[in-house]
Protein chains: 2
Amino acid sequence: MANKAAPDASRRSERSRRAIFDAALSLVGEVGYDKLTIEGIASRAGVGKQTIYRWWPSKAAVLLDAFTAGVDEYSTQGLPDTGDLAADLKSVLRATADEFNDPVFQAPYRALAAAGANDEELSRTFVARLMEPGTLVYVERLRAAQEAGEVAAGIDVRVAVEMLLSPFSQRWLMRTGELTYDYVDTLVDLVLRGLRPRD
Amino acid sequence: MANKAAPDASRRSERSRRAIFDAALSLVGEVGYDKLTIEGIASRAGVGKQTIYRWWPSKAAVLLDAFTAGVDEYSTQGLPDTGDLAADLKSVLRATADEFNDPVFQAPYRALAAAGANDEELSRTFVARLMEPGTLVYVERLRAAQEAGEVAAGIDVRVAVEMLLSPFSQRWLMRTGELTYDYVDTLVDLVLRGLRPRD
DNA sequence: GCATTAAGACGATACGTCTCGCCTTACCCG
DNA sequence: CGGGTAAGGCGAGACGTATCGTCTTAATGC
């Protein structure tokens, strides 16, 4: 089934790979995703086009790998658990807001989210590699809170996390509002209001 | 400041305009947004390319107008108010789920959401013309419920609506889950749990 | 030595502009 | 009013540029 005579990865140039990532990330910030071209990346990276086509199927795939490579350095540690659920969620979401407000982060992430909307396979990879890990730490934190009795027993934790993260993402992606600390706090408080056990 | 000698709208061909809309909508469903081209639209519509370039700045703008023209026929009536808030929200969100699960609806809406992520001006128009009107009816319904004492007084209704609609949109856009009636019901119940007044 | 590499030629599309007559429309004048 | 005319939109498609994805070549480096 080995389609298309897979190239020999052991002989791959790490130098070129990194140069391609750097070029892709800087170019997407400068010219935007629509005007990002494989030829442009190859040229800035000092790399032959074939080197890109050999290893990636699309510019979106290049960008996804480039972005992931940059993000993987942050190893996800799980959310803090100080015992104060609201405070923990707020502090992490505030940090995430700072990240999403950072121009360097914005261009590639927006581009990937957009490309994913029209490309089912890409969206699955995007979700699995970038969104899901970030979501899971919230799920775990909420589950811990649930076991501690801070969150009502019957609640679907997964949906609760969506209620927290989706408004945040949506606001940012569609530019329907600013991601301020105030907003984050309001959101956390309102979500938690619905999660607390009733007496 | 009239840039570029604006064309005379009074002499515009309604026939061509409609043909362009039809062609754009059917083509985006057939070949997808990435492979949708102005030339393709012009060709299928039996229209000169210049006729498209004269009236729209981009294929995204064409699609937005085409889609909006189709949707505008649904005049938004506001949400039902039977007195049972949960039931009202569930019935409308279920209908929306059906709509979002409809293939005819999916391709253009996905394409526009994606294009908006990378194009700030387009996203503002997209939000203002398609999302905001739909959001407002929820805001109004919740405000009515708030006045009726069904929703606690201090709550930011706008954020509450985001908690309801964003998880729904996000799930659909990123394909992180199915939009089932069960899901809709769970979401409505969990959101409302946080909105109810405490004794 | 052999597969990957940088460089770029290549044909195929699609871009956005332009030019060409044709045709419709707005509006003027009788 | 209502016919005539000029302006401008119209369909068609040629044009030069840009990028696509493939292919060829010679150099490189493991």
Side-chain angles (χ1 to χ4, degrees), chain A residues 2-24 26-28 30-66 111 114-115 118-119 121-122, chain B residues 2-24 26-28 30-66 111 114-115 118-119 121-122:
Chain A
N3 42 345
K4 291 286 180 178
D8 181 346
S10 71
R11 317 190 62 147
R12 183 170 186 181
S13 163
E14 176 65 15
R15 173 195 188 76
S16 297
R17 186 172 148 273
R18 292 191 119 88
I20 289 164
F21 287 169
D22 290 347
S26 64
L27 275 173
V28 80
E30 289 169 29
V31 304
Y33 183 68
D34 290 339
K35 290 182 180 167
L36 179 70
T37 66
I38 300 275
E39 300 204 320
I41 297 171
S43 163
R44 171 160 307 184
V47 138
K49 287 164 59 177
Q50 189 61 35
T51 302
I52 299 181
Y53 283 112
R54 183 177 298 118
W55 300 108
W56 292 279
S58 67
K59 68 176 178 179
V62 174
L63 204 54
L64 180 57
D65 276 359
N118 288 311
D119 178 341
E121 187 178 328
L122 181 72
Chain B
N3 42 344
K4 291 287 180 180
D8 182 347
S10 72
R11 315 188 62 148
R12 183 170 187 179
S13 162
E14 176 65 14
R15 174 195 188 76
S16 297
R17 186 172 145 272
R18 293 191 119 88
I20 288 164
F21 288 168
D22 290 346
S26 65
L27 275 173
V28 80
E30 289 170 28
V31 303
Y33 182 68
D34 291 339
K35 289 183 181 167
L36 179 70
T37 67
I38 300 275
E39 299 202 319
I41 297 171
S43 163
R44 171 163 305 185
V47 137
K49 285 164 61 177
Q50 189 64 280
T51 301
I52 299 181
Y53 284 112
R54 184 178 298 119
W55 300 108
W56 292 278
S58 66
K59 69 176 179 180
V62 174
L63 204 54
L64 179 57
D65 276 358
N118 288 311
D119 178 341
E121 188 178 326
L122 180 74

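Below, read A as the first sequence line, B as the second, and so on, with proteins coming before strands; counting in each chain starts at 1.
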Output the rounded distance in Å from CD (Glu39(A)) to P (dT22(D)).
13 Å
Spacing of Ile41(B) atom CD1 relative to dA14(C) atom P, expressed in whole Å:
12 Å
Once you round it to whole Å, what is the distance between P of dT13(C) and CD1 of Ile38(B)?
19 Å
Atom-pair distance (NZ on Lys59(A); P on dC20(D)), nearest Å
7 Å
Using a cutoff of under 3.5 Å, can you pull out all pairs of nitrogen or oxygen atoms linking the protein to nucleotides 20-24 of chain C, with atom names and distances?
residue: dT24(C); atom: O2; partner: Arg11(B); partner atom: NH2; Å: 3.3

What nucleic acid atoms does Ser16(B) come within less than 4.0 Å of, heavy atoms only: base, sugar-phosphate, or nothing?
sugar-phosphate
Which atom of Leu122(B) lies closest to which atom of Ala60(B), heavy atoms considered
CD2-CB, 3.6 Å
For the CG atom of Leu27(B) and the CD1 atom of Ile41(B), what is their distance to the nearest 0.5 Å?
6.5 Å
Glu30(B), CD: over 12 other non-hydrogen atoms inside 6.0 angstrom
yes
CG on Asp22(A) to CZ on Arg44(A), rounded to 0.5 Å:
10.5 Å
Under 3.5 Å, sequence neighbours excluded: what are the donor-acceptor pairs made by side chains of residues 32-39 of chain A?
residue: Thr37(A); atom: OG1; partner: Gly40(A); partner atom: N; Å: 2.8
residue: Glu39(A); atom: OE2; partner: Lys49(A); partner atom: NZ; Å: 2.6

In whole angstroms, how far is the P atom of dC20(D) from the CG atom of Asp34(B)?
13 Å
Would you kindly give the CZ-to-C1' distance between Arg17(B) and dC10(D), to the nearest whole Å?
16 Å
Hey, could you give me the OH/OG distance between Tyr53(A) and Ser58(A), rounded to the nearest 0.5 Å?
10.0 Å
Using a cut-off of strictly less than 4.0 Å between a heavy atom of the residue and any atom of DNA chain C, enumerate the qualifying residues of residues 44-58 of chain A by number.
Gly46(A), Val47(A), Gly48(A), Lys49(A), Thr51(A), Arg54(A), Trp55(A)
Testing the basics here: between Ala114(A) and Asn118(B), what is the closest heavy-atom pair and its distance to 0.1 Å?
CB-ND2, 3.3 Å
Which whole-number value in Å describes the distance from Asp8(A) CG to dA3(C) P?
8 Å
Greater than 12 external heavy atoms within 6.0 Å of Arg18(B)'s CZ
no
Please give, in whole Å, the distance from dA18(D) C1' to Leu36(A) CG?
14 Å
Cationic tip of Arg12(B) within the cone over Trp55(B)'s six-membered ring, i.e. under 6.0 Å and within 45° of the normal?
yes
